[in-house]
Amino acid sequence: MPELPEVETIKRELEKVVLGKKITGVTIHNQKVIREPQVDKFKKGIIDATIKNIIRKAKLLILELSNGNSLAIHLKMTGQLVYPGDGKSARVSFHLSDGKSLDFNDQRLFAELRLIDDWSALKFIQGLGPEPFDITESRFNKMLSNKKTKIKPLIMDQTFISGIGNLYAAEALFRAKVHPERPANSLSDKEKSLLFQEIKDTLKEAIENKGSSVDQYVQVSGKPGGYVKFHKVYDRQGKPCLVCGTPVKRIALGGRGTFYCPKCQQ
DNA sequence: AATGGGACCTGCGCGC
DNA sequence: TGCGCGCAGGTCCCAT
């Protein structure tokens, strides 16, 4: 599932392969993913525009076009952007001036495409908390200190801090040796600081390895990301903790699968 | 205010 | 071999 590192990887790759190209046509195979505006307006607002700039905000990808419009893409769980596309599993194909196409795939149809004139006015954008790289350690520590809620759902709350999803929340908490059910304000200053550092390091290392290919995520080239082999707890229930050998546990927390080492994480 | 659950979806893996 | 069911998770929405 694309989180900040996966979306950042896609952004960097798109900059290499589609930036500066003109969108000459759009084929919509399934209009469910087009959330706004209406399909024909969507097409009209894109065709003949050039991709001028590519931005990532948390897990949202934004393609700024030469005509003043922006295409905002949220991949949710199974969204993919593939270039050059073959159209086979595309929900939407963007045909480009180089004769190739950028395919938007999405097996589960959860993803959202929006064409708007001002992406910064999107409700989703306005509600986003800061990304981990945009705040200081002391700010992070202060943000946690007045929150009684469980730490894992809290760091996955995009309005609190943005970019972290289920996978990297689990990995960062393991690395910081913090139990996912700890109330946020029960962490010591030392634990808060370590967690903040581990969140940043985990995301950074995942970006360096071009993301984690679990479920559907692939790079724009179609290649899988390389970070899965570094996972310590995610999807490893029953397997020995790589630090102490205790079987990794899986619980449901906030309706989400949560993986942790019951011995290392207290 | 915080928390929990359901909805949105599809395909996969499991048990029988 | 085949069928039904639970599950996967990002975000929104509603209820408590």
Side-chain angles (χ1 to χ4, degrees), chain A residues 1-11 28-36 56-62 72-81 88-92 103-114 116 119 122-129 131-132 143-173 180-186 199 203 206 211-218 224-225 227-228 231 233-239 248-260:
Chain A
M1 60 304 311
E3 303 180 24
L4 188 153
E6 287 75 27
V7 182
E8 177 66 20
T9 300
I10 291 169
K11 182 211 166 203
I28 297 174
H29 304 277
N30 189 318
Q31 61 181 66
K32 199 155 219 156
V33 295
I34 313 289
R35 308 299 169 131
E36 69 174 298
R56 180 191 58 72
K57 290 286 172 188
K59 306 173 192 172
L60 189 73
L61 198 60
I62 301 152
I73 304 175
H74 200 305
L75 300 169
K76 294 285 181 82
M77 248 89 70
T78 57
Q80 303 175 328
L81 284 163
K88 280 183 190 160
S89 42
R91 303 301 193 182
V92 181
D103 275 4
F104 171 74
N105 305 334
D106 182 27
Q107 179 182 95
R108 290 173 67 182
L109 297 171
F110 277 13
E112 304 188 353
L113 304 195
R114 290 193 159 77
I116 63 265
W119 58 263
L122 283 173
K123 210 173 132 196
F124 177 79
I125 291 283
Q126 303 241 319
L128 280 179
E131 293 188 13
M143 284 165 67
L144 292 195
S145 59
N146 57 355
K147 290 283 183 182
K148 289 182 216 162
T149 182
K150 289 170 182 169
I151 187 67
K152 177 169 177 267
L154 183 65
I155 60 174
M156 288 172 63
D157 178 350
Q158 301 301 297
T159 67
F160 180 76
I161 191 165
S162 64
I164 305 162
N166 200 39
L167 194 162
Y168 295 110
E171 293 298 317
L173 285 166
E181 294 187 287
R182 287 272 299 281
N185 63 2
S186 76
I199 287 172
L203 295 177
S212 298
S213 282
V214 295
D215 211 352
Q216 295 278 305
Y217 165 76
V218 289
Y227 195 64
V228 174
H231 293 179
V233 287
Y234 185 80
D235 211 17
R236 292 195 66 249
Q237 70 273 29
K239 293 180 182 164
V248 170
K249 223 173 151 178
R250 183 192 185 280
I251 57 170
L253 196 51
R256 296 291 167 253
T258 297
F259 305 89
Y260 69 100

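Values below: all heavy atoms of this structure, side chains included; hydrogens, waters and symmetry mates excluded. Letters A, B, ... mirror the listed sequences (proteins, then strands); counts begin at 1.
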* To do: Using Watson-Crick or G-U wobble geometry with both distances below 3.5 Å, tell me the partner of dG6(B), or none.
  => dC12(C)
* Does a sphere of radius 6.0 Å around NZ in Lys57(A) hold more than 12 heavy atoms from other residues, nucleotides or ligands, not counting ones at 6.0 Å or beyond? -> no
* Between C1' of dG10(C) and CD1 of Ile73(A), the distance in whole Å -> 16 Å
* **Atom pair distance, as rounded to whole Å: CG in Leu4(A) and P in dT11(C)** => 11 Å
* **Most 5' of Thr159(A) and Thr78(A) on DNA chain C, judged by nearest nucleotide** => Thr78(A)
* To do: Could you tell me the separation between the CD atom of Glu6(A) and the C1' atom of dG10(C), rounded to a whole number of Å?
  => 13 Å
* How about Lys249(A): does its NZ atom have over 12 heavy atoms from other parts shown lying under 6.0 Å from it? -> no
* To do: Have a look at Gln158(A) and say if it touches a base, only the backbone sugar-phosphate, or nothing, with a 4.0 Å heavy-atom cut-off.
  => sugar-phosphate
* Inter-nucleotide P distance (dG5(B), dC7(C)), Å rounded -> 13 Å
* So, the side chain of Ser162(A) versus the backbone of Gln158(A): is there a donor-acceptor pair under 3.5 Å, distance only? -> no
* Asked: Between the side chain of Glu181(A) and the main-chain N/O of Lys150(A), is any donor-acceptor distance below 3.5 Å?
  -> no
* Using atom CD1 of Ile125(A) as one end and atom P of dC12(C) as the other, report the distance to the nearest whole Å. => 11 Å
* Quickly work out the Lys57(A) NZ to dT11(C) P distance and round it to whole Å. => 15 Å
* Asked: Quick one: does Arg256(A) reach the base of dT11(C) with a side-chain donor-acceptor pair under 3.5 Å?
  -> yes
* Gln80(A) CD to dG9(C) P: how many Å, rounded? -> 17 Å
* To do: Can you tell me the distance, in whole Å, between the CD1 atom of Ile164(A) and the C1' atom of dG10(C)?
  => 14 Å
* For dC14(B) and dG9(C), measure between their P atoms and round to the nearest Å. => 16 Å
* What residues form a side-chain hydrogen bond (donor to acceptor under 3.5 Å, both in side chains) with Gln80(A), not counting sequence neighbours? -> Asn105(A)
* Asked: For dT11(C), does either OP1 or OP2 sit under 4.0 Å from a side-chain N or O belonging to His74(A)?
  -> yes
* Going 5' to 3' on DNA chain B, which nucleotide is the first and which the last to come under 4.0 Å of a heavy atom in chain A? -> dA2(B) to dG11(B)
* Asked: Counting only side-chain N and O atoms of Tyr168(A), is one of them less than 4.0 Å from OP1 or OP2 of dG9(C)?
  -> no
* Using atom C1' of each nucleotide, how far apart are dG6(B) and dG6(C) to the nearest Å? -> 15 Å
* Would you indicate what Gly257(A) reaches in the nucleic acid, counting non-hydrogen atoms under 4.0 angstrom: base, sugar-phosphate, or nothing? => sugar-phosphate
* **Pairwise 5' ranking along DNA chain B for Gly255(A) and Arg108(A), keeping only the more 5' one** => Gly255(A)
* Structure fact -> Side-chain atoms of Phe110(A) come closest, of dC13(C), dC12(C), dG10(C), to dG10(C)
* **Aromatic plane relationship, Tyr227(A) with Tyr168(A) - under 30° parallel, 30 to 60° tilted, over 60° perpendicular** => tilted
* Length of the line joining Ile161(A):CD1 and dT11(C):C1', which is rounded to integer Å -> 18 Å
* Glu3(A) side-chain N/O to Gly165(A) backbone N/O, donor-acceptor pair under 3.5 Å -> yes
* To do: Among Leu113(A), Asp103(A), Asn30(A), Ile34(A), find the one that has a side chain to side chain contact (heavy atoms under 4.5 Å, CB included) with Arg91(A).
  => Asn30(A)
